[in-house]
Amino acid sequence: MQNIRNIAIIAHVDHGKTTLVDKMIMQAKVTRETERNGQLILDNNELERERGITILSKNVSIPYNGYKINIIDTPGHADFGGEVERVLNMADGVLLIVDAFEGCMPQTRFVLQKALEMGKKPLVVINKIDKQNCKPDEVNEQVFDLMFALNATEEQLDFKTVYGCAKQGWMSLDWKTPTTNLIPLLDLIISEIPAPEQDNEGTPQMLISSLEYSPYVGRIAIGRVKRGILKAGQDITLCKRDGGQEKQRIKDLMVFTGMEKTKQAEVESGDICAVVGIEGFEIGDTIADFENPEALPPISVDEPTMSMLFCINDSPFFGRDGKYVTSRHLKDRLDKELEKNLALRVKPGKTSDSFIVYGRGVLHLSILIETMRREGFELQIGQPKVIDKNINGVRCEPIEHLIVDVPEEMVGKAIEITTRRKGALLHMDHRGDRVHLDFDIPARGIIGLRSNLITATSGEAIIAHRYKGYEPYKGEIEKRTNGSLVALETGDAIAYSMWKLLDRGKWIVSPGDEIYAGEVVGEYTRAMDLNVNICIKKKLTNVRASGSDEKAVLPPPMQFTLEEMLEYIQDDELVEVTPKHLRIRKIYLDENERKRHQMQSS
């Protein structure tokens, strides 16, 4: 029998999970130094490297003193909580990483709560000891208080703590005495994390917790063997989540060795493996015995809290940038995403070429949109809408726990902006020259809040939030107060026309950009929309007087990321997403049609 330890690494976003796993891989000499070139080994997705966050959970293993340690790296954002929930099934214990300066943050609580509910044994790593003004002992107390508040058992509360700096590659049992390697942490994993229950006698059982796709062998099922032994070429029964059963055969078995997968003839219970050759499986299905199949309980995942309209691009510029522009392409891609993205739901929209997509938050859905955009899709996205529920006859909405960290002199602005969106201040804590604010706020109020707070605090605010639960509806929230400047004609934006209209608002397009009638080209200074024509060129005259040729000087346009656009748009607008452009447009491009529709709705 092998000596195995299965651990999941959980933490708030940017507390150093992936960096720590990278250093563990390096110290185990699993990868060559030359392969690194200054980037994190595990963040191998283009979007992950750009944003510096983990989006997809990943499996690696490292050998240490005759033990095989299977490590699962998980995302920190609550929007990707579906990833965390499904992979915790494969682990026996968790490594909770906490920043020595920031302490426990919303996602720390979110991921720890999931782990404690599933009975996992925690091991605490207090990271980033090299930061100025860090307070490791105080943070350790915070973690204990948090676990107590989350109803941890006596055994879970008796956790061990290790201190260190993942970036510098050291861990120690006492933060005042640095070491030169991660051996104290690896020793604690071996001694504190329980070994998996190994039952090689019974019939085989494996819950599919994750999946990968290979262009050569198709879909690969990943999970932990709960009982019995799986063998290559073995006949098995696939027990579906809905109770159905299918007879299939395992073609190949692979186990994780360092960063790679290696083929193996058989896998004993307790180890994490990848199964090739099974078709039609979903996450949450069970691979069971051929003759006496017994299904394991499927993975339960929190419900989505937000929805968006996805539809085909029908703007005048459709088909110029993308390869995939039809509703069939869009439907196939969303169905493919449903197979591996557990927290996602898709329903048909009002028309045949639109779909309502449900997810955990704006970030969760915007990562999907950005991925599709890079694959060559053209689509249009509607305004994010929060999903209300009727509980015991009372209208309820999702509430988020929000943490805002701002400099002391900007506290008033931050509280004012948040409370205007029905945020309730729970707690206020001074940390050096910054103030830590805790709010409960409706999920509706968070849409567009980040950009407002960052503008009001000159970029100083640090914002984090997590889903808390459903509570009674809090009432109407003020929306964007400014209207839109809408283009009247299709053509190129002319600097002269834009300069003449500068007093009407701010532009979101640059001179020379190609625009179409019905596209939103700027933000109006008033609450209503204004139709403008910025395609008019300056008429040349015979008269040349001094000052008649004034130079058009325009301020730089407002620039939005995809998430900011989704939060910015109003309910009569769409975001047009193509591989090369992001545009905002009115649902009805024709000015007269917009007026007609407005009169009907009023």
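Residue numbers start at 1 and run along the sequence shown.
Between the CD atom of E567 and the OG1 atom of T561 there is a distance of 8.0 Å, given to the nearest 0.5 Å. With values rounded to the nearest 0.5 angstrom, S484 atom OG is found 7.0 Å from D572 atom CG. Here I494 contributes atom CD1 and I536 contributes atom CD1; the two are 10.0 Å apart, rounded to the nearest 0.5 Å. Atom-to-atom distance recorded for I369:CD1 and L379:CG is 6.5 Å, nearest 0.5 angstrom. A distance of 5.5 Å separates CZ in F560 from CD1 in I584, rounded to the nearest 0.5 Å. In this structure, L402 CG and L437 CG are separated by 9.0 Å, a value rounded to the nearest 0.5 Å.
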Practice problem: Give the intermediate values and the outcome of side-chain contact (heavy atoms from CB on, under 4.5 Å) for residues I399 and I441. | Solution: CA-CA 6 Å; I399 301 292; I441 184 169; over 6 Å; no
Quiz item: Which is it for E397 and K474 under the salt bridge (Lys or Arg N to Asp or Glu O under 4.0 Å) test, yes or no, and what are the steps along the way?
Solution: CA-CA 8 Å; E397 63 175 342; K474 304 285 184 197; over 6 Å; no
Quiz prompt | side chain to side chain donor-acceptor pair (under 3.5 Å) assessment of Y568 paired with E523 | solution = CA-CA 10 Å; Y568 178 79; E523 184 184 89; 2.8 Å; yes
Practice problem: Start with the C-alpha distance between K347 and Y358, add both sets of side-chain angles, then the distance that settles side-chain contact (heavy atoms from CB on, under 4.5 Å), and finish with yes or no. | Solution: CA-CA 8 Å; K347 288 184 181 172; Y358 299 86; 3.8 Å; yes
Quiz prompt | Step-by-step side-chain contact (heavy atoms from CB on, under 4.5 Å) determination, E514 to T490 | solution = CA-CA 8 Å; E514 211 176 344; T490 302; 6.0 Å; no
Quiz item: Going through the distances and angles, do R395 and Y470 end up as a side chain to side chain donor-acceptor pair (under 3.5 Å)?
Solution: CA-CA 10 Å; R395 182 185 177 187; Y470 274 82; over 6 Å; no
Quiz item: Run the side chain to side chain donor-acceptor pair (under 3.5 Å) check on D321 and T578 step by step: do they pass?
Solution: CA-CA 6 Å; D321 301 343; T578 75; 2.8 Å; yes
Practice problem: Please assess Q383 against D571 for the test side chain to side chain donor-acceptor pair (under 3.5 Å), listing each intermediate value before the final yes or no. | Solution: CA-CA 6 Å; Q383 189 187 33; D571 51 9; 5.8 Å; no
Exercise. Output, in order, the C-alpha distance, side-chain angles, deciding distance and verdict of salt bridge (Lys or Arg N to Asp or Glu O under 4.0 Å) for R585 and D314.
Key: CA-CA 11 Å; R585 54 160 282 183; D314 59 359; 2.8 Å; yes
Practice problem: Please test I515 against E489 for side-chain contact (heavy atoms from CB on, under 4.5 Å), starting from the C-alpha separation and ending with a verdict. | Solution: CA-CA 8 Å; I515 59 169; E489 281 191 22; over 6 Å; no
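Considering only heavy atoms from C-beta on, V520 comes within 4.5 Å of I508 through its side chain. At a threshold of 4.5 Å between non-hydrogen side-chain atoms, the residues V275 and I220 do not count as touching. V486 has its side chain out of reach of E519: every pair of non-hydrogen atoms, C-beta onward, lies at least 4.5 Å apart. I356 has its side chain out of reach of K385: every pair of non-hydrogen atoms, C-beta onward, lies at least 4.5 Å apart. Annotation: side chain of I278 is in contact with side chain of I287 (closest heavy-atom distance under 4.5 Å). Looking only at side-chain heavy atoms (C-beta outward), P511 and L554 come within less than 4.5 Å of each other. Side-chain atoms of D529 and Y524, non-hydrogen and from C-beta on, never get closer than 4.5 Å to each other. Two residues are said to be in side-chain contact when any heavy atoms from C-beta on lie closer than 4.5 Å; W507 and I534 meet this criterion.
In this structure, the side chain of T305 engages the main chain of R360 through a donor-acceptor pair within 3.5 Å. The backbone N or O of G423 lies less than 3.5 Å from no partner atom in the side chain of T419, so there is not a single donor-acceptor pair.
Ion pairing between E378 and K323 fails under the 4.0 Å rule for side-chain N and carboxylate O. Note on K586 versus E573: salt bridge recorded, some NZ/NE/NH1/NH2 to OD/OE distance being below 4.0 Å. Looking at D590 and K595, no side-chain N of the basic residue comes within less than 4.0 Å of a carboxylate O on the acidic one, giving no salt bridge. Using a 4.0 Å cut-off between charged side-chain N and carboxylate O, E471 and K389 make no salt bridge. The pair E591-R594 fails the salt-bridge criterion, with no side-chain N (NZ, NE, NH1 or NH2) lying under 4.0 Å from an Asp/Glu carboxylate O.
The nearest pair of heavy atoms linking L344 to V357 is CD1-CG1, 3.8 Å. Minimum heavy-atom separation, M498 to V509: CE-O, 3.3 Å. Looking at every heavy atom in both residues, A487 comes nearest to V521 through CB-CG1, 4.0 Å. In terms of heavy-atom proximity, P472 sits nearest to V394 at CB-CG1, 4.2 Å. Considering all non-hydrogen atoms of both residues, R421 and G445 come closest at NH1-O, 2.9 Å. In this structure, R373 and K580 approach most closely via the heavy-atom pair NH2-C, 4.0 Å.
Within 6.0 Å of CZ on R420 lie more than 12 heavy atoms contributed by other residues, nucleotides or ligands. Crowding of K240 atom NZ: a count of heavy atoms from other residues, nucleotides or ligands under 6.0 Å exceeding 12. For F318, the CZ atom is loosely surrounded, since the number of other residues' heavy atoms within 6.0 Å does not exceed 12. No more than 12 heavy-atom neighbours from other residues, nucleotides or ligands sit within 6.0 angstrom of NZ on K331.
Below 30°, between 30° and 60°, or above 60°: for F377 and H329 the angle between ring planes is above 60°, a perpendicular geometry. Relative orientation of the Y516 and F317 rings is perpendicular, given thresholds of 30° and 60° on the angle between their planes.
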